Amino acid sequence: DIEAEGDRVSVVPEGLSLASIDAAREPDGPAAARALADLDHLLGQLPPERRGLPIAVSVGRLNAVKGMATLVEAWATRPELRARCNLLIVGGDVTTPTTDEQQQLSAIDAVLPMDEAATHGLLLPGHRPNATVATWLRAVRDGRPGLAAPSGVYVSASLKEEFGIAILEAMATGLVVVTPRSGGPATYVTDGVTGVLTETGSRDRLGEAVIGALDLAVAPGAGERAAAAQDTVRNRFGIATMAAALTGIYRQAATDRTGQGRAAALPLRPALSGRGQRARHNRAHAPAPGIFPARPGARGARVAGRDAGA
């Protein structure tokens, strides 16, 4: 019972590996070069008159809860927004979609015919690996010569977002983000500074929020706000931060059990709590759980043999 035993419960946010984000700052490597060539080929499908616009990008599954169809509708039905940016949606299998993916693609097609999407500024390349996405996020911020203007933004149109790893990766890149007003993002996105919080279930409010984010991305002080977003991610959600927090909990659990500061068989039972990790101090003589490093390229850490990321 958390309410009754609140002093025995600690919440540790999931640690985020920033290796791919940091690597994206060095675009001269072969992997980054391939990722940028892929993006440039995609942007080359845009008509010439749209190649000077910034990009609003969203990364996630083609699933109703992620709100991709709502985002497309918000963008396509608001002329002033469509005139401000192109829309890039990364995720899903657009070639052989699942039933859920096909439902989303059909909803998008009903708003903007897929065979005309690029002509109007909508790009749906499907899934890309994490490292490629990191390079693309950097390009959204910095722009691509002759293809995309700098100062793009990241949009999460999810109906709910318990944590938001993709949002944090965008913030770590320095992008202004649009996120749901409720849930995890509201605890780390500063509205009007590092992003815009909105009611993502509303097409009109989502469209207004994207316009607000585009304005914020070019307003005076944009560099300082980008640095604040990056600092938030590194200081609160980095792997080192998570490791330090878990180490402290283990030490406290050992002290609670032995009455001393020395290490012992540590009676700690971490359990998942949304996207974070909840650790309960258990003074019973239970074996200590294992803590394993994240799989290469995976999102999140594994605690007690369970995958905390997805």
Side-chain angles (χ1 to χ4, degrees), residues 11-36 38-39 55 57-60 88 90-91 127-143 150-156 158 161-179 184-185 187-190 193-195 213 217 222-248 272 274-277 291-303 307-310:
V11 177
V12 179
E14 183 174 354
L16 186 68
S17 172
L18 299 176
S20 60
I21 300 297
D22 292 337
R25 297 181 179 181
E26 305 295 334
D28 297 330
R34 286 193 298 271
L36 290 174
D38 185 16
L39 179 61
I55 300 170
V57 60
S58 188
V59 180
L88 172 62
V90 184
H127 170 78
R128 290 296 189 276
N130 285 0
T132 296
V133 170
T135 300
W136 286 15
L137 290 177
R138 188 74 192 186
V140 169
R141 179 184 176 184
D142 295 343
S151 303
V153 299
Y154 182 87
V155 184
S156 169
S158 297
E161 196 66 75
E162 295 173 352
F163 188 54
I165 291 179
I167 297 169
L168 287 167
E169 290 173 341
M171 290 177 65
T173 306
L175 290 173
V176 175
V177 297
V178 175
T179 76
T187 67
Y188 55 78
V189 175
T190 304
V193 179
T194 58
E224 290 81 358
R225 290 190 294 274
Q230 292 171 316
D231 288 345
T232 294
V233 178
R234 292 185 182 277
N235 295 338
R236 291 179 57 186
F237 302 103
I239 283 181
T241 301
M242 181 186 76
L246 287 174
T247 298
L272 299 184
R275 283 284 192 171
Q277 296 161 10
I291 295 184
F292 308 95
R295 299 186 306 275
R299 290 184 168 179
R302 299 172 63 203
V303 178
D307 190 357

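Throughout, residue positions are numbered sequentially from 1 according to the sequence presented. Because the structure is a prediction, the values reported are computed rather than measured.
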Gap between atom [atom2] of [Y] and atom [atom1] of [X] - 0.5 Å precision:
{"X": "M171", "Y": "L16", "atom1": "CE", "atom2": "CG", "answer": "11.0 Å"}
{"X": "L168", "Y": "T232", "atom1": "CG", "atom2": "OG1", "answer": "9.0 Å"}
{"X": "I21", "Y": "R138", "atom1": "CD1", "atom2": "CZ", "answer": "9.5 Å"}
{"X": "E224", "Y": "D231", "atom1": "CD", "atom2": "CG", "answer": "11.5 Å"}
{"X": "L246", "Y": "I239", "atom1": "CG", "atom2": "CD1", "answer": "11.5 Å"}

Worked verdict on V90 versus T132 for side-chain contact (heavy atoms from CB on, under 4.5 Å): CA-CA 10 Å; V90 184; T132 296; over 6 Å; no

For the student: nearest non-hydrogen atoms of L18 and A172, plus distance: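 Closest pair (atom of L18, atom of A172, distance): CD2-CB, 3.9 Å.
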
Distance-minimising heavy-atom pair for A134 and S20: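 Between these two residues, the closest heavy atoms are CB-O, 3.5 Å.
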
Flag side-chain contact, heavy atom, 4.5 Å: [X] against [Y]:
{"X": "R225", "Y": "V176", "result": "no"}
{"X": "E161", "Y": "T179", "result": "no"}
{"X": "V59", "Y": "Y154", "result": "yes"}
{"X": "T241", "Y": "N235", "result": "no"}

By side-chain contact (heavy atoms from CB on, under 4.5 Å) - contacts of V140 (at least two apart):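 So V140 forms a side-chain contact (heavy atoms from CB on, under 4.5 Å) with I55, V57, L175.
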
Salt bridge (charged side-chain N to carboxylate O under 4.0 Å, His left out) against R34, all qualifying residues, sequence neighbours excluded: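 Per chain and number, R34 pairs via salt bridge (charged side-chain N to carboxylate O under 4.0 Å, His left out) with no residue.
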
Stepwise side-chain contact (heavy atoms from CB on, under 4.5 Å) test for T194 and Y188: CA-CA 9 Å; T194 58; Y188 55 78; over 6 Å; no

Set of side chain to side chain donor-acceptor pair (under 3.5 Å) partners for D22, sequence neighbours left out: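 D22: side chain to side chain donor-acceptor pair (under 3.5 Å) contacts with R234.
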
